[in-house]
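Structure record follows, encoded as structure tokens.
Sequence lines set the chain letters: A, B, ... in the order given, protein chains first and strands last, and positions in each chain run from 1. Below, all heavy atoms of this structure are taken into account, side chains as well, without hydrogens, waters or symmetry copies. Values in this document were obtained by computation on a predicted structure and should not be read as measured data.
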Amino acid sequence: MFDLKFIRENKELVKKAIQNKNESLNLDELLGLDEKRREIISSVEELKRQRNLSNQTIALLKKEKKDAKAEIEKMRGVSEKISSLDNSLKEIEDKIDSLLLRVPNIPHSTVPVGFDENSNVVIKEWGELPEFSFEPRAHWEIGELLGILDLARGAKLSGSGFYALIGKGALLERGLINFMLDLHTKEHGYKEVWPPFMVNRASMTGTGQLPKLEEDMYLCEKDDLFLVPTAEVPVTNLHRDEILKSEELPIYYVAYTPCFRREAGSYGKDTRGILRVHQFDKVEMVKFVKPEDSYDELEKLVANAEEVLQLLNIPYRVRLLCTGDLSFAAAKCYDIEAWAPGVKKYLEVSSCSNYEAFQSRRIGIKFKPDPKSKAEYVHTLNGSGVALARTVAAFLENFQTEKGTVVVPEVLRPYLGGLEEIS
RNA sequence: GGAGAGGUGCCGGAGUGGUUGAACGGGACGGUCUCGAAAACCGUUUACCCCUUACGGGGUACGGGGGUUCGAAUCCCCCCCUCUCCGCCA
């Protein structure tokens with residue numbers, strides 16, 4: 001979200017951002033409302049000034065036991081005018097607020113302009129793509145063969161897009177989560193958070209999922225609570241409406257949560273296996289930093305996420321998203337994509353974004369550069385480190401053997417009770 | 001779910017219709033004193049919005065929203081949250 005003042009003063013910049021992000025929003029309507037709003041404010045505040053003066057007069061007259069009738073009569077008309085102006089002001093401000101929530105963040109100058117993912121730029125490739133002396137299987141075949149991934153029963157329980165991990169599959173999931181959390185807390189300086197998995201509307205609006213993406217969220221209507229689509233939501237909202245101390249920054253959090261997504265509108269895409277599911281596990285990193293550091297922090301964030309795949313020895317590439325593929329709230333974003341030789345595709349397993357002050361302005365997270373200065377908005381960032389389901393798919397496909405077993409990379413064995421091979 | 005209490009500034013806490021942005025205490029910041037520190041003393045300390053190039057002026061806000069009134073932190077209604085007791089329960 002932006003200040004009205006900022007939009008007023010940077011109209012063309014914001015218009016271009018709306019266009020480059022393939023959003024549609026009538027900015028002129030917003031600015032027209034803003035003008036009307038300021039006109040009303042000027043006149044209503046003058047009336048309120050009169051009222052305040054008069055209130056003092058009335059108070060004084062009453063105190064001296066004098067007649068205040070004339071003054072009160074005079075004020076009655078003024079108060080009526082005030083309340084009618086206040087009402088139209090409120091109407092206009094409500095409209096402004098809902099429009100303001102639909103203004104997307106402005107892409108950073110280093111973000112390539114482009115319409116869709118075809119304009120994303122591969123900036124890095126890591127690892128050797130594995131070669132097999134046999135035709136590598138897709139993860140769902142391996143999972144079924146080993147009895148660790150049960151898609152059919154998942155669908156029986158909850159419908160398509162749900163799955164169950166059984167035996168060593170469940171162990172692998174749990175081990176991966178712990179491995180990632182340990183890496184980020186012990187090696188990268190993140191503090192672990194275990195947040196609620198359901199959040200209210202204010203939280204969802206704060207990080208920018210609402211109002212735009214409501215259709216993609218699971219909502220428990222009775223309580224108006226949303227199942228978290230990512231830990232970004234609860235963890236970023238942790239400091240909502242707070243003024244942080246300068247010396248507290250930067251703050252690094254890492255959280256495991258399951259993620260729930262309806263994936264509305266993506267039916268028919270990636271329907272096999274566990275590449276696009278309604279519930280998956282993810283370890284998410286969230287940062288609160290000073291504005292001048294946020295782009296360095298973004299690079300570090302990406303490096304922290306990459307290290308997960310490097311240690312597991314899963315080949316991947318990093319793509320810089322173009323304006324058209326960039327999410328609503330982000331200013332810059334890198335996707336990390338793991339190679340999956342079974343399905344012969346790169347799978348997006350992490351998305352690392354700098355939101356600059358877009359989220360912090362929505363939810364009021366500030367800091368004081370020093371005790372005397374005015375509070376400024378912090379910059380927020382987050383990135384998956386990394387998302388499980390697709391990583392498990394890549395894992396199974398990369399480390400499969402001809403007989404259908406899966407070799408566990410050394411770094412993960414301590415987390416699987418010393419297990420060297422899933423068979 | 002039932003009964004009760006409560007939500008005020010950075011913190012504690014007063015304030016029950018009229019010069020209250022808010023007593024009092026603490027904290028923080030600046031200063032005096034000191035070789036230095038502590039103590040003591042003095043001073044400063046909220047956020048947002050509008051007008052103004054600036055100096056400055058004005059408005060709003062006491063959990064959130066609505067209402068009563070010339071005037072609401074104070075009265076009424078709805079909602080949210082916290083605490084205590086009871087019930088239910090992993």
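Across all strands shown, C29(B) forms a Watson-Crick or G-U wobble pair with G43(B), both key distances being under 3.5 Å. In this structure G18(B) sits in a base pair with C70(B), meeting the Watson-Crick or G-U test at under 3.5 Å. Across all strands shown, U34(B) has no partner, as no Watson-Crick or G-U wobble contact with both distances under 3.5 Å is found. Using the Watson-Crick or G-U wobble rule with both distances under 3.5 Å, G6(B) pairs with C81(B). Across the strands present, U53(B) finds no partner; the criterion is a Watson-Crick or G-U wobble pair with both atom distances under 3.5 angstrom.
Applying the salt bridge (Lys or Arg N to Asp or Glu O under 4.0 Å) test to residues at least two apart or on different chains, the pairs with a partner in residues 84-107 of chain A are Arg37(A)-Glu93(A), Lys48(A)-Asp86(A), Lys90(A)-Asp94(A). Among residues at least two apart or in separate chains, salt bridge (Lys or Arg N to Asp or Glu O under 4.0 Å) pairs with a member in residues 181-192 of chain A are Asp182(A)-Lys186(A).
Taking atom CD of Glu247(A) as the reference point, atom C1' of C29(B) lies 13 Å away to the nearest angstrom. As rounded to whole Å, 14 Å separates atom C1' of C50(B) from atom CD1 of Ile92(A). Rounded to whole angstrom, the span from the NZ atom of Lys48(A) across to the C1' atom of G58(B) amounts to 12 Å. Between Asp224(A) atom CG and C81(B) atom C1' there is a gap of 16 Å when expressed in whole angstrom units. Protein atom CZ of Arg201(A) is 18 Å distant from nucleotide atom P of C79(B), rounded to whole Å. Taking atom NZ of Lys69(A) as the reference point, atom P of G18(B) lies 20 Å away to the nearest angstrom.
Along RNA chain B, the nucleotide nearest to Ala59(A) and the one nearest to Ser42(A) differ in position, and the one closer to the 5' end is contacted by Ala59(A).
The ring-ring contact (aromatic ring centres under 6.0 Å, His included) test applied to Phe115(A) returns no partner, not counting sequence neighbours. In this view, Val113(A) and Asn20(A), Thr323(A) satisfy the side-chain contact (heavy atoms from CB on, under 4.5 Å) rule, not counting sequence neighbours. Qualifying salt bridge (charged side-chain N to carboxylate O under 4.0 Å, His left out) partners for Lys11(A), counting only residues two or more places apart in sequence or in other chains: Asp28(A). The ring-ring contact (aromatic ring centres under 6.0 Å, His included) search around Phe395(A) returns Phe399(A), not counting sequence neighbours. Residues satisfying the side-chain contact (heavy atoms from CB on, under 4.5 Å) criterion with Phe328(A), sequence neighbours excluded, are Glu23(A), Pro104(A), Lys212(A), Phe358(A), Arg362(A). Checked against salt bridge (charged side-chain N to carboxylate O under 4.0 Å, His left out), Arg413(A) has no partners two or more places apart in sequence or in another chain.
Atom P of G25(B) sits at a distance of 15 Å from the matching atom of A14(B), rounded to the whole Å. The gap from the C1' atom of A61(B) to that of U8(B) amounts to 12 Å, rounded to the nearest Å. Atom name P, nucleotides G26(B) and C42(B): the rounded distance is 12 Å, in whole Å. Comparing the P positions of C10(B) and G63(B) gives a spacing of 13 Å, expressed to the nearest Å. Atom name C1', nucleotides C77(B) and G13(B): the rounded distance is 29 Å, in whole Å. If you take atom P in C55(B) and the same atom in C70(B), they sit 40 Å apart, rounded to whole Å. Distance check on atom P: G57(B) versus C62(B) gives 24 Å, rounded to whole Å. Comparing the P positions of A37(B) and A28(B) gives a spacing of 15 Å, expressed to the nearest Å.
By the 30° and 60° cut-offs, the orientation of the rings of Trp194(A) relative to Tyr256(A) is tilted. Ring geometry for Tyr190(A) against His188(A) counts as perpendicular: the plane angle is over 60°, on a 0 to 90° scale with 30° as the lower cut.
An OP1 or OP2 oxygen of U60(B) is reached within less than 4.0 angstrom by a side-chain nitrogen or oxygen of Asn52(A).
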Short heteroatom pairs, N/O only, protein and nucleotides 47-49 of chain B, under 3.5 Å:
from, atom 1, to, atom 2, distance (Å)
C48(B), OP1, Lys366(A), NZ, 2.6
C48(B), OP2, Lys374(A), NZ, 3.3
C49(B), O3', Arg37(A), NH2, 3.1

Under-3.5 Å N/O pairs linking protein and nucleotides 62-71 of chain B:
from, atom 1, to, atom 2, distance (Å)
C70(B), OP1, Arg76(A), NE, 2.9
C70(B), OP1, Arg76(A), NH2, 2.1
C70(B), O3', Ser79(A), OG, 2.9
G71(B), OP1, Ser79(A), OG, 3.3
G71(B), O4', Asn55(A), OD1, 3.4

I'd like a list of close polar pairs between nucleotides 6-11 of chain B and the protein, N/O only, cut-off under 3.5 Å.
none

Scan the side chains in residues 152-169 of chain A for donor-acceptor partners under 3.5 Å anywhere in the protein, sequence neighbours excluded, and list what turns up.
from, atom 1, to, atom 2, distance (Å)
Arg153(A), NH1, Asp150(A), OD2, 2.6

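No side-chain donor-acceptor contact under 3.5 Å links Gln359(A) and Tyr377(A).
Of the charged side-chain nitrogens involved, at least one lies within less than 4.0 Å of a carboxylate oxygen, so that Lys74(A) and Glu71(A) count as a salt-bridged pair.
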